[in-house]
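As the structure lists them, so they are numbered: ligands from 1, and atoms in each ligand from 1. Just so we're clear, the structure is a prediction, and the values are computed from it rather than from any experiment. In what follows, every heavy atom counts, from backbone to side chain, and hydrogens, waters and symmetry copies are set aside. Positions are given from 1 along the sequence.
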Amino acid sequence: MNYLNSKLNFKEVPSGKVGWRSPSNIALLKYWGKKAVQLPSNASLSFTLQESLTETVVKFFPTSGKNFNLKFYLDGIHNDIFAEKISTFFKALVDIFPFINQLGFKIHSKNTFPHSVGIASSASGMSAIALTLCEIERKYFNTFSSNDEFFQKASYIARLGSGSACRSLYGGLVSWGEIEGIESSSNLYGSKLILNIKPVFETYQDSILIVDSTQKKVSSRFGHELMNSNPLSNKRFEQANNNIQRLLSVISSGDLVEFVKIVESEALTLHAMMMTSNPYFILMKPNTISIINSIWEFREETEIPVCFSLDAGPNIHLLYPHENKDQVIAFINSELLKFTNNNTVIHDKVGSGPEKLEL
Ligand code: DP6
């Protein structure tokens, strides 16, 4: 797709502001390992979330030939670390959005979840930023012939910021990476899964149990890199591509027993890759394991198809069908909260995707 890379013609962009609210996502099939410029080593698939969101407003103004400058505020407070990160990202995008060099930016961002709880905010944050850049392009250059093109480009840009962010551009189930048999799938951007999806997956619940909220010691970026030298990585990529086919059939058959098996195996394999990297590392905490054991006992006793997933961290995503919500919440309160940090749980669910802010 040419328009993804094409340089926009020069045009003066006046002062203005744009804003988007964009969700986080939880991968059922994990992306861990990448090649070239942010291309995944295997396909992944995620649920977009409904409550864990980043809201970003970008104010921009012409700088009349002066150097590009950017200020970043998180929850109203100036944040140098993010400013530097986003500046580097913007500079890398100048070929795609030449207007970046003509403008100064004031970016205000806030998360609906407390940033101190240790949930990854890069997916929601980077997708929101990508949407605002595409919004400037849409507003002043009028280059998109459809909404589909707009979101595809936003996903492409989000991917360059953080791989998993490219799956946050659509609601429901979203894939990223080439999948055999799915023509719309691509390594360059995420795509909404168009398939016969069993209704149970449209209302799936995700209760996020915060086990530890301290900043993780190993960045995802470094973790991905270590897959290049992990002796098990090729087997893992093969397994992932096999698992995605299994998961796709589960999504259309509604076989929740199989769903549980694939999702938990993916989470544990992700952490097994960390443990078999050189240097090796462990991101799970003792309470992560205690929660996993309790989930397994509860599932065996009740036959409720509740399962867990993990990101690159110690926190548990508890996934279950909406119809089991009351029993699972009672289980969380009585058996799992004691393993969390200050009884912190965020009840989330499958969401409908980003929304433009009317400013
Ligand atoms: C474990 O998307 O955070 O959450 O592309 O380097 O920004 P970068 O990595 P990132 O990796 C997330 C990995 C994961 C699994 C997943 O979301 O698929």
Decide whether an N or O pair under 3.5 Å exists between [X] and ligand 1.
X    : value
H224 : yes
A312 : no
K34  : yes

**OP:** Just say parallel, tilted or perpendicular for the rings of W32 and H224, cut-offs at 30° and 60°.
**Re:**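 Rings of W32 and H224: tilted, as their planes differ by 30° to 60°.
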**OP:** Measure up the F151 and W20 rings against each other and bin them: parallel (under 30°), tilted (30 to 60°), perpendicular (over 60°).
**Re:**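 Perpendicular.
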Provide the number and element of each atom of ligand 1 under 4.0 Å from a heavy atom of [X].
X    : result
A27  : 16 (C), 17 (O), 18 (O)
R221 : 6 (O), 7 (O)
Q38  : 5 (O)

Quick one: nearest non-hydrogen protein atom to [atom], plus distance?
atom                    : value
atom 7 (O) of ligand 1  : S162 OG, 2.7 Å
atom 14 (C) of ligand 1 : Y31 O, 3.9 Å
atom 4 (O) of ligand 1  : D311 OD1, 3.3 Å

Subject >> Whether R167 lies under 4.0 Å from ligand 1, heavy atom >> reply: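 Yes; R167 lies near enough to ligand 1 that a heavy-atom distance drops under 4.0 Å.
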**OP:** Examine ligand 1 and decide if any of its atoms is less than 4.0 Å from a heavy atom belonging to M126.
**Re:**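 Flag not set, M126 not near ligand 1.
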Original post:
For ligand 1, does S164 get within less than 4.0 Å through its side chain, its backbone, both, or neither, judged by non-hydrogen atoms?
Top reply: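 S164 to ligand 1: contacts from backbone and side chain alike.
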Subject >> Structural part of N25 in contact with ligand 1, heavy atom criterion under 4.0 angstrom >> reply: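 None of N25 does.
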Original post:
Is the centre of the F259 ring less than 6.0 Å from the centre of the F201 ring?
Top reply: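 Centroid separation for F259 and F201: below 6.0 Å.
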**OP:** Run the ring-centre check on Y140 versus F99 and record whether the distance is less than 6.0 Å.
**Re:**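 Y140 vs F99: aromatic centres not under 6.0 Å.
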**OP:** Check R246, K261, R236 against E266 for a salt bridge (charged side-chain N to carboxylate O under 4.0 Å, His left out) and give me the one that passes.
**Re:**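 In the set R246, K261, R236, the residue that makes a salt bridge (charged side-chain N to carboxylate O under 4.0 Å, His left out) with E266 is R236.
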Original post:
Only one of K153, E149, E137 forms a side chain to side chain donor-acceptor pair (under 3.5 Å) with T143, so which one is it?
Top reply: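 Of the listed residues K153, E149, E137, the side chain to side chain donor-acceptor pair (under 3.5 Å) partner of T143 is E137.
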Original post:
What residue among S124, S46, S127 forms side chain to side chain contact (heavy atoms under 4.5 Å, CB included) with S24?
Top reply: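 Of the listed options, the one satisfying the test is S124.
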Original post:
If Ile, Leu, Val, Met, Phe, Trp and Tyr residues are connected whenever their side-chain heavy atoms lie under 4.5 Å apart, and connections chain through other members, are V263 and L173 in the same group?
Top reply: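 In one cluster with V263: L173, yes.
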**OP:** Please round to the nearest 0.5 Å and tell me the distance separating atom OH of Y31 and atom CD of Q38.
**Re:**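 If I round to the nearest 0.5 Å, the distance is 5.0 Å.
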